[in-house]
Amino acid sequence: MEQQNALLRSILALCSPEKVILHGSKRGLVSGKLKTASVCMVVPECDKKALLNRLYLELPLDVQVNINLYTHDEWEELCQDPDSYASWIREKGTVLYEPQP
């Protein structure tokens, strides 16, 4: 859980997502430490390639992180399609961050 919180803090320090969803993780069998994490982020309209580069280069973690990045409009549109990966993430993932109105 601590590594998950560290991952979220690092993401929030680097950008301002609308939502962060953990949709996959693997832990060490013996240590129980987080080894890999699959994270979905919904962000305002931006240069997604530049943001992904920044995140992969600057996330200060010893955990392999796979990031799915969607803009707000992409997320809303894809979540309407029950066969999309975004829809699956929305249904199966765990929301780590979503600002309250």
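The figures here come from the full heavy-atom set of this structure, side chains too, leaving out hydrogens, waters and symmetry mates.
Rounded to the nearest 0.5 angstrom, Gln4 CD and Thr94 OG1 are separated by 7.5 Å. The structure places CZ of Arg54 at 11.0 Å from SG of Cys46, a figure rounded to the nearest 0.5 Å. Atom-to-atom distance recorded for Leu51:CG and Ser16:OG is 10.0 Å, nearest 0.5 angstrom.
Val20 places none of its side-chain heavy atoms less than 4.5 Å from the side chain of Cys40. When side chains are defined from C-beta on, Glu18 does not count as touching Val43, because their heavy atoms never get closer than 4.5 Å. In this structure, Asn68 and Met41 have side chains that are not in contact, with every pair of non-hydrogen atoms separated by 4.5 Å or more. In this structure, the side chains of Ser38 and Leu22 stay at 4.5 Å or more apart for every pair of heavy atoms. Looking at Ile11 and Leu59, their side chains come closer than 4.5 Å, going by heavy atoms from C-beta outward.
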Task: Trace of the side chain to side chain contact (heavy atoms under 4.5 Å, CB included) decision for His23 with Val39 - done: CA-CA 6 Å; His23 61 91; Val39 177; 5.6 Å; no
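Partners of Glu98 by salt bridge (Lys or Arg N to Asp or Glu O under 4.0 Å), not counting sequence neighbours, listed by chain and number: Lys19.
For Leu57, the CG atom sits in a packed shell: over 12 heavy atoms of surrounding residues, nucleotides or ligands are nearer than 6.0 Å. Heavy atoms from other residues, nucleotides or ligands lying under 6.0 Å from NZ of Lys48 number more than 12.
Between Lys35 and Val63, the shortest heavy-atom contact is O-CG1, 3.4 Å. Here the closest non-hydrogen pair linking Ser87 and Cys79 is OG-O, 4.0 Å. The shortest non-hydrogen separation linking Tyr56 to Ile67 is OH-N, 2.8 Å.
Between the side chain of Glu74 and the backbone N or O of Thr71, at least one donor-acceptor pair lies under 3.5 Å.
Using a 4.0 Å cut-off between a side-chain N of Lys or Arg and a carboxylate O of Asp or Glu, Glu76 and Arg90 do not qualify as a salt bridge.
Applying the under-4.5 Å side-chain rule to Ile, Leu, Val, Met, Phe, Trp and Tyr, the cluster around Val42 extends to Ile21, Tyr70, Trp75, Leu78, Tyr85, Trp88, Ile89, Val95.
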